[in-house]
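In what follows, a structure is listed as structure tokens, so that the remarks can point back to it.
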Amino acid sequence: MNNRKIIKAYKTFISTSFNVDNSIDKFKDGIIYTLYSDKFNSLKVGFAENDRFLEKILSSESLILLDRKKGNQKELFLLINTLKELGIKYSDNFYFKYSSSLMRHLSTLGWPVGRSLYKQRKIKKTLLCA
């Protein structure tokens, strides 16, 4: 008979310390909004730090405010990257050509689009019993 030794090895974890600073938030809180240009048939999405800044944008350009809500710059950044991955192109200052598919994507992503240009479909199912 062979005398075999069984050696058990245990994995050890090496602890490291990370210097993570959660107190500083890179993204400011404010208002995220959607504007519509009837002249160019385009949408503009954006971020404003407060109501005065948003009013300044509305008065300087001939745009219609579709909707707005509280949010931060991170939401705008994520929206732009998501739309880019979906193949939706935009020009400078986040202007998009209006389309029903763009409005559907914006609504699905939780972006404020209002109800004047986009009416969400309601699907009703009926149950038939035989």
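Considering only residues two or more places apart in sequence or on other chains, S101 meets the side-chain hydrogen bond (donor to acceptor under 3.5 Å, both in side chains) condition with S99. Checked against side chain to side chain contact (heavy atoms under 4.5 Å, CB included), K74 has the following partners two or more places apart in sequence or in another chain: F27, N72, L78. In this structure, S62 has no side chain to side chain contact (heavy atoms under 4.5 Å, CB included) partners at least two apart in sequence or on a different chain. Partners of S91 under the side-chain hydrogen bond (donor to acceptor under 3.5 Å, both in side chains) rule, at least two apart in sequence or in another chain, do not exist in this structure. Residues forming a side-chain hydrogen bond (donor to acceptor under 3.5 Å, both in side chains) with E55 (at least two apart in sequence, or on another chain): none. Residues forming a side chain to side chain contact (heavy atoms under 4.5 Å, CB included) with N81 (at least two apart in sequence, or on another chain): F77, K84. Considering only residues two or more places apart in sequence or on other chains, N41 meets the side-chain hydrogen bond (donor to acceptor under 3.5 Å, both in side chains) condition with Y36. For S60, the side chain to side chain contact (heavy atoms under 4.5 Å, CB included) test picks out no residue, with sequence neighbours left out.
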**OP:** Apply the test side chain to side chain contact (heavy atoms under 4.5 Å, CB included) to residues L66 and Y33: give CA-CA distance (whole Å), side-chain angles for both, the deciding distance (0.1 Å), then the verdict.
**Re:** CA-CA 8 Å; L66 293 180; Y33 59 84; over 6 Å; no

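The line from NZ of K89 to CZ of F96 is 12.5 Å long, rounded to the nearest 0.5 Å. Atom NZ of K39 sits about 10.5 Å away from atom CG of L63, to the nearest 0.5 Å. Atom CG of N50 is separated from atom CG of D29 by 12.5 Å, given to the nearest 0.5 angstrom.
Using a 4.5 Å heavy-atom threshold, the side chains of Y98 and S42 count as separate. Side chains of L76 and V45 form a contact here, defined as non-hydrogen atoms less than 4.5 Å apart. For the pair L83 and L109, the minimum side-chain heavy-atom distance is below 4.5 Å.
Nearest heavy atoms, L43 versus T34: CD2-CG2, 4.2 Å.
No single ILVMFWY cluster, assembled from side-chain heavy atoms under 4.5 Å apart, contains both L58 and F40.
Residue pairs that meet the ring pair (Phe, Tyr, Trp, His ring centres under 6.0 Å) test with at least one member in residues 47-67, sequence neighbours left out, do not exist here. Listed by first and then second residue, the salt bridge (Lys or Arg N to Asp or Glu O under 4.0 Å) pairs involving residues 58-73 are K44-E61, D51-R68 (not counting sequence neighbours).
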